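Sequence lines set the chain letters: A, B, ... in the order given, protein chains first and strands last, and positions in each chain run from 1. Note that the structure is predicted; figures quoted are calculated from it, not measured.
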There are 2 protein chains.
Amino acid sequence: MPVRMQDVAQRAGVSVKTVSNVVNGYPHVRESTRRRVEEAIDHLGYRMNVSARNLRTRRTGMITLNVPELSLPYFAELADSVIRAADEQGWSVLIEQTGAERQRELEVLAGRRRHLTDGVLFSPLALGQDDLDHFDVDFPLVVLGERVFGARADHVTMNNVEAARAATAHLITTGRRRIAVVGAHAGEVIGSAALRLAGYERALADAGIPFDPALVGEAGLWHRATGAETMGRLLDSGTGIDAVFALNDAMALGALHALHERRIDIPGDIALIGFDDVDDVRYTVPTISSVDPGRDEIARTAVDLLVARIGGTTEPIRRIVPDARVVGRESTGDVRGDGERVVAVMPGRVEDTDVSPLPAG
Amino acid sequence: MPVRMQDVAQRAGVSVKTVSNVVNGYPHVRESTRRRVEEAIDHLGYRMNVSARNLRTRRTGMITLNVPELSLPYFAELADSVIRAADEQGWSVLIEQTGAERQRELEVLAGRRRHLTDGVLFSPLALGQDDLDHFDVDFPLVVLGERVFGARADHVTMNNVEAARAATAHLITTGRRRIAVVGAHAGEVIGSAALRLAGYERALADAGIPFDPALVGEAGLWHRATGAETMGRLLDSGTGIDAVFALNDAMALGALHALHERRIDIPGDIALIGFDDVDDVRYTVPTISSVDPGRDEIARTAVDLLVARIGGTTEPIRRIVPDARVVGRESTGDVRGDGERVVAVMPGRVEDTDVSPLPAG
DNA sequence: TTGTAAGCGTTATCAA
DNA sequence: TTGATAACGCTTACAA
């Protein structure tokens, strides 16, 4: 029932190999032959059986993107960027959600959930540095984020420490001294929370402001709800606060909500800055300043690295950090009304390691 | 180099057929045999070559979800729900973005972009009723949304007219008479904008309130930015307004921004209600009332229908409308602080048509 | 309960 | 520039 190359070949009076050549754009095909084949393809409505080609070539032209969940704006926008970047190079993207569950994240690395794709972009959230060994996988893998460093896989990450330092420094520049943090993870050494907190501490140290643990609010999950709760706790604790650094934008949105509830003027009484620069922060009242970690570049870089690995490159493992920017808006008094102002730029970097990739299995 | 069933069979001392039986969970395998095979699989690190199986079975276990863009919260949340629903039944989801471009949407229907998947969930935005013929495709297809009705494909849509009527009626119940609309599309007959506007008009008629075209604000793209612009235009036009029905939540967020800018009290001076019930509206100040169109049920239903079509069902084409709810929050004065109240429920329905599906090609 | 053998529709090799 | 033919790794009749 389905039309095969065989059928096309027959109608065009050529061999299947020639049809294959035409379909794949092989240049050395006589023009008249090509036209006959194309006519036959159109006439019969032939469509390539991609499974057969995949079996033969051992490639599928697809990659997997594993994220916690698309409901989180950061990951939705990341997925958007990844799909665009992949599409430009002719790749398709299969998306899986781990729900930030440890078990599912381990399954990603075990390859259990990698159905048909040539490689995996993985943004873990539950795994940590202790799970480093699990990242020695036998398929092309690029890691996103800051849960794990030093894995035997290319890694695209943010300029967390520097960006957090610049964000905090920006608050200090506007005269703030009592700067609260929303979203810390106690005891964490690496991970977005720990790194951003480290940047915060450095900025304080640079300015000679003592670190006050009472200003640091914990929040396990980085959602809007936890941001609102944590902000509420900090405000109700009676600690004097004149600025807030929310470690991501979802929590900044929640914090804004909690601040509004208490009729606190922003930025008059308290200034607010977030991290991620998701679309939402441009439409709140006031608009929220944030750190733009270079999402498009992260996506593009990650896809490039993965495609190169799929292509069999044996370059040493690399860690890439795109440029980041602190974007000032109303919540830090940088602009009035809409609009924004880039108040700091943290240049990215490329780190070549001397670690070779495992031979692809 | 790669381990094949052959290799496993050899080590276990059985035939490939037996290995296949074990891998596929075929029940009539002697326990001791099964164990030997499993030991061999573990020992050799065997993984099924999915391309080969796909070639043989003519199935890939994947479906495509085509949406305008994941950066739009509604579609991000829809994608989340679709991936979950598909995953529960063992299906994977490949996501493609059309950017709401007509050309790309036509390519979806032409099957040009359907690489390896068994069927397509398609949420068009650029195509319209005039493109009905393009929906006669030779692959399993389920249409989402309200751009096109009567296509030869199962269709999952919202209870637009009734839900919009209920949302408007709710505003009227709270004493509003000058209710503006944000997001109309002039000249549209079907499509989300036209249907929701029709519901709005019916509610006005039900209450004996004359329709005033000056209250209807156009907005081409349903983004936050256009919502803010349109709201601004309506407010600046000098038309008296005591309530706003934004035809989706993105525009409601933008409208909220514009209202805040002009220091208008919500819901004191103007009440606001949106449509979609995305996560964002729970964290704005005030929280925004909205219409919950039953996103999870839409996703689940759509996946079920598609899987049934892939399975070759010849049931007549169906149109399914899940239950919808009007959720009251602060912006319509239904609650104070967080929390919400369901103020109306519109029961869904299943419409069986007498149209048979095209034989799958 | 297990084995044998014939494809599934492509691409790769080698020859013409 | 084109053609014949052998894989690719799996499932599925059909046999045993």
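Applying a 4.0 Å cut-off to non-hydrogen atoms, the residues of residues 14-43 of chain B that approach DNA chain D are Lys17(B), Ser20(B), Asn24(B), listed by residue number.
Checked against side-chain hydrogen bond (donor to acceptor under 3.5 Å, both in side chains), Thr64(A) has the following partners two or more places apart in sequence or in another chain: Thr117(A). Take Asp296(A) and apply the side-chain contact (heavy atoms from CB on, under 4.5 Å) test, not counting sequence neighbours, and it matches Ser81(A). Take Asp352(A) and apply the side-chain contact (heavy atoms from CB on, under 4.5 Å) test, not counting sequence neighbours, and it matches Arg318(A). With sequence neighbours left out, Ala302(B) forms a side-chain contact (heavy atoms from CB on, under 4.5 Å) with Leu121(B), Val142(B), Leu144(B), Val156(B). The side-chain hydrogen bond (donor to acceptor under 3.5 Å, both in side chains) check on Glu39(A) picks up Arg11(A), with sequence neighbours excluded.
Applying the ring pair (Phe, Tyr, Trp, His ring centres under 6.0 Å) test to pairs two or more places apart or on separate chains, none has a residue in residues 74-99 of chain A. Within the structure, ring pair (Phe, Tyr, Trp, His ring centres under 6.0 Å) pairs that include any residue of residues 23-42 of chain B comprise Tyr26(B)-His28(B) (at least two apart or interchain).
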Using a 3.5 Å cut-off and no angle test, enumerate the donor-acceptor pairs between side-chain atoms of residues 2-10 of chain A and protein atoms at least two apart in sequence or in another chain.
{"from": "Arg4(A)", "atom 1": "NH1", "to": "Asp7(A)", "atom 2": "OD1", "distance (Å)": "3.4"}
{"from": "Asp7(A)", "atom 1": "OD2", "to": "Arg4(A)", "atom 2": "N", "distance (Å)": "2.7"}

Mind listing the side-chain donor-acceptor pairs of residues 94-102 of chain A below 3.5 Å, one per line with the distance, residues two or more places apart or on another chain?
{"from": "Glu96(A)", "atom 1": "OE1", "to": "Arg113(A)", "atom 2": "NE", "distance (Å)": "3.1"}
{"from": "Gln97(A)", "atom 1": "OE1", "to": "Leu70(A)", "atom 2": "N", "distance (Å)": "2.9"}
{"from": "Gln97(A)", "atom 1": "NE2", "to": "Asp80(B)", "atom 2": "O", "distance (Å)": "3.4"}
{"from": "Gln97(A)", "atom 1": "NE2", "to": "Asp80(B)", "atom 2": "OD1", "distance (Å)": "3.2"}
{"from": "Thr98(A)", "atom 1": "OG1", "to": "Ala100(A)", "atom 2": "N", "distance (Å)": "3.2"}
{"from": "Arg102(A)", "atom 1": "NH1", "to": "Asp131(A)", "atom 2": "OD1", "distance (Å)": "3.2"}
{"from": "Arg102(A)", "atom 1": "NH1", "to": "Asp131(A)", "atom 2": "OD2", "distance (Å)": "3.1"}
{"from": "Arg102(A)", "atom 1": "NH2", "to": "Asp131(A)", "atom 2": "OD1", "distance (Å)": "2.9"}

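On the nucleic acid side, DNA chain D has its first and last nucleotide under 4.0 Å of a heavy atom of chain B at dG9(D) to dA13(D), going 5' to 3'. Between chain B and DNA chain C, the heavy-atom contact criterion of under 4.0 Å yields a 5' to 3' nucleotide range of dT1(C) to dG9(C).
Asp87(B) has a carboxylate O that lies under 4.0 Å from a charged side-chain N of Arg104(A), or vice versa, which qualifies the two as a salt bridge.
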